[in-house]
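Only one structure is covered here, and it is reproduced in the block below.
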Amino acid sequence: MPEPSRLPEDAVRVAGDVPVALVAPDAGLSSLPAAVRGPETIEHIDLDGNALTSLPGWVARLGRLRVLSLYGNRLTAVPPELGELAALEHLGLGRNALTSVPAALWRLRRLRTLVLAENEITDLPPGLARLGALRMLDLAHNRLREVPAEVGDLPGLTDYLYLGDNGLTTVPASIGRLDRLGYLSLAENRLTALPASIGGMAALHELRAHDNRLTELPETIGRLAGLRELHLRNNRLTALPESIGGLRGLRHLDLRGNPLERLPESVVRLTRLTHLDLRATRLTALPAGLAELPLLEKLDLRWLKLGEVPACVGPLRERGCVVLL
């Protein structure tokens with residue numbers, strides 16, 4: 001392993017003899033190299049996979065810094081001075097040892113992506129909504145017990161919102177105001193319900209809510225006409241709302257491991273569906289209309305206690321759909 005004070009020869013990148021980047025992932029560094037302390041021309045720092053335990057306050061002097069990527073280090077705290085990096089657009093602090101973050105981070109008005117995943121964060125300070133330019137927020141794999149209602153006041157959030165693998169028992173109704181968000185993960189929490197406001201997330205194309213404790217879905221879910229993937233495996237759903245048929249853009253529907261006793265007839269309106277996973281549910285019969293789904297490529301019926309082979313199986317197999325029994 002390289003000595004903590006030594007950098008790989010090509011770590012400092014220059015443009016016109018001016019240092020503009022420090023790229024030294026997995027270099028065994030235990031502290032921020034002094035090589036970046038002097039030049040205020042540095043725009044990009046990638047020190048992923050090192051052994052940093054802290055950041056010095058002088059990092060705030062890097063006024064042109066746009067990217068700061070510190071994934072997979074050993075940071076236990078974030079200095080408030082980071083909030084002074086006015087040009088910062090990407091901040092990656094995933095897989096460290098953080099238990100909290102300072103409210104000063106919310107001063108990063110140009111921030112577009114914020115990765116805080118795989119830490120030990122239990123709550124967030126007020127002011128999150130000040131990150132008006134944020135497009136992606138990753139809070140997965142932490143110890144959050146609630147999501148601040150302010151998350152619904154992030155107008156720029158369009159790409160991803162990761163909230164999986166926390167201790168969430170509820171989702172704030174304000175999330176429905178994220179009508180430009182494309183991807184939402186709520187997986188591996190303790191949710192028993194989704195807010196009715198989720199029907200307002202008009203741009204959503206993928207929703208992951210698997211491995212929770214959901215007992216029902218709101219009727220409003222049928223308003224998500226652009227949704228392409230809906231992952232609901234390993235919940236406690238015994239039925240689906242009839243409105244599920246409104247998901248006309250749905251390609252992938254995963255219901256594995258739910259105690260489902262019946263499917264609504266409206267599923268036959270999911271004419272773009274290509275994959276339907278019904279493994280380990282309690283279904284004893286299927287709507288005959290499933291045979292009419294023109295694009296269905298795979299229907300998984302393993303570990304079902306079907307009294308007889310459903311009528312839809314023969315026609316589906318004849319046209320090339322893979323049916324697993």
Side-chain angles (χ1 to χ4, degrees), residues 47-55 68-83 88 90-108 111 113-131 134-154 157 159-176 178 181 183-195 197-198 201 206-215 231-236 257:
L47 294 177
D48 289 349
N50 279 282
L52 305 183
T53 57
S54 63
L55 289 177
L68 179 56
S69 189
L70 301 170
Y71 178 85
N73 277 276
R74 303 173 186 174
L75 299 174
T76 57
V78 178
E81 289 87 348
L82 281 191
L88 202 63
H90 170 83
L91 178 56
L93 296 169
R95 190 174 285 183
N96 276 279
L98 304 176
T99 57
S100 63
V101 292
L105 290 188
W106 310 152
R107 299 203 302 265
L108 299 173
L111 203 62
T113 62
L114 176 58
V115 180
L116 295 170
E118 298 181 77
N119 280 289
E120 303 292 328
I121 299 171
T122 56
D123 55 40
L124 297 174
L128 178 65
R130 295 166 66 185
L131 298 180
L134 203 64
R135 296 182 56 172
M136 189 276 275
L137 176 60
D138 190 350
L139 295 169
H141 312 294
N142 275 289
R143 295 187 177 184
L144 295 172
R145 292 293 180 265
E146 61 180 10
V147 181
E150 287 181 276
V151 75
D153 297 320
L154 292 170
L157 210 58
D159 298 350
Y160 304 98
L161 175 57
Y162 298 100
L163 297 170
D165 190 22
N166 277 285
L168 305 179
T169 56
T170 61
V171 178
S174 63
I175 204 168
L178 298 177
L181 184 66
Y183 179 105
L184 173 62
S185 176
L186 300 169
E188 299 178 76
N189 279 290
R190 302 173 186 173
L191 303 175
T192 58
L194 298 177
S197 63
I198 204 166
M201 303 182 75
E206 186 164 339
L207 173 57
R208 292 182 174 266
H210 56 81
D211 295 283
N212 275 285
R213 303 173 184 179
L214 300 177
T215 58
H231 298 266
L232 295 168
R233 71 175 180 269
N234 297 333
N235 275 286
R236 300 175 183 179

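Atom set for the values below is all heavy atoms of this structure, side chains included, hydrogens, waters and symmetry mates excluded.
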(message) Does Leu186 form a side chain to side chain contact (heavy atoms under 4.5 Å, CB included) with Leu194? I'd like the steps, not just the answer.
(response) CA-CA 10 Å; Leu186 300 169; Leu194 298 177; 3.8 Å; yes
(request) Before giving the answer on side chain to side chain contact (heavy atoms under 4.5 Å, CB included), spell out for Leu139 and Leu124 the whole-Å C-alpha distance, their side-chain angles and the decisive distance to 0.1 Å. (result) CA-CA 10 Å; Leu139 295 169; Leu124 297 174; 3.8 Å; yes
(request) Carefully, step by step, assess Val151 and Leu161 under the rule side chain to side chain contact (heavy atoms under 4.5 Å, CB included). (result) CA-CA 10 Å; Val151 75; Leu161 175 57; 4.1 Å; yes
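Atom CG of Leu105 sits about 7.0 Å away from atom CG of Leu114, to the nearest 0.5 Å. Here Thr76 contributes atom OG1 and Asn119 contributes atom CG; the two are 10.5 Å apart, rounded to the nearest 0.5 Å. With rounding to the nearest 0.5 Å, the separation of CG in Leu70 from CG in Asn50 is 9.0 Å. The CG atom of Asn234 sits 4.5 Å away from the CG atom of Asp211 when rounded to the nearest 0.5 Å. Taking OH of Tyr160 as the start and CG of Leu181 as the end, the distance is 10.5 Å to the nearest 0.5 Å. The CZ atom of Arg143 sits 4.0 Å away from atom CD of Glu120, with the distance rounded to the nearest 0.5 Å.
In terms of modelled atom types and a separation under 3.5 Å, the side chain of Asn189 and the main chain of Asn166 share a donor-acceptor contact. Asn235 places a side-chain N or O within donor-acceptor distance of the main-chain N or O of Asn212, the cut-off being under 3.5 Å. Although no hydrogens or angles enter the test, the distance criterion places a donor-acceptor pair under 3.5 Å between the side chain of Glu150 and the main chain of Gly127. Side chain of Asp48 to main chain of Tyr71: a donor-acceptor pair is present (N/O by atom type, distance under 3.5 Å, no hydrogens or angles).
Closest non-hydrogen pair, Pro80 versus Ala104, comes out as O-CB, 3.3 Å. Of all heavy-atom pairs between Leu178 and Leu157, the closest is CD1-CD2, 4.0 Å. Here the shortest heavy-atom pairing between Leu108 and Leu82 reads CD2-O, 3.3 Å. Closest approach of Ala173 and Ser197 over heavy atoms only: O-OG, 2.6 Å. Minimum interatomic distance between Asn142 and Ile121 (heavy atoms only, all atoms of both residues): OD1-N, 3.1 Å. Shortest non-hydrogen contact noted between Leu232 and Leu214 is CD2-CD1, 4.2 Å.
Proximity of Pro125 to Val101: side-chain heavy atoms (C-beta onward) are separated by under 4.5 Å at one or more points. Between Leu55 and Val78 there is no side-chain heavy-atom pair separated by less than 4.5 Å. Taking the side chain as every heavy atom from C-beta outward, Val171 and Ile198 never approach each other to under 4.5 Å. Using a 4.5 Å heavy-atom cutoff, the side chains of Met136 and Tyr162 are in contact. Looking at Arg145 and Thr122, their side chains never come closer than 4.5 Å, going by heavy atoms from C-beta outward.
Annotation: side chain to side chain donor-acceptor pair (under 3.5 Å) contacts of Asp138 (sequence neighbours excluded): none. With sequence neighbours excluded, the residues forming a side chain to side chain contact (heavy atoms under 4.5 Å, CB included) with Arg208 are Tyr183, Ser185, Glu206, His210, Glu229, His231, listed by chain and number.
Residue pairs meeting the side chain to side chain donor-acceptor pair (under 3.5 Å) criterion with at least one partner in residues 96-107, sequence neighbours excluded, are absent.
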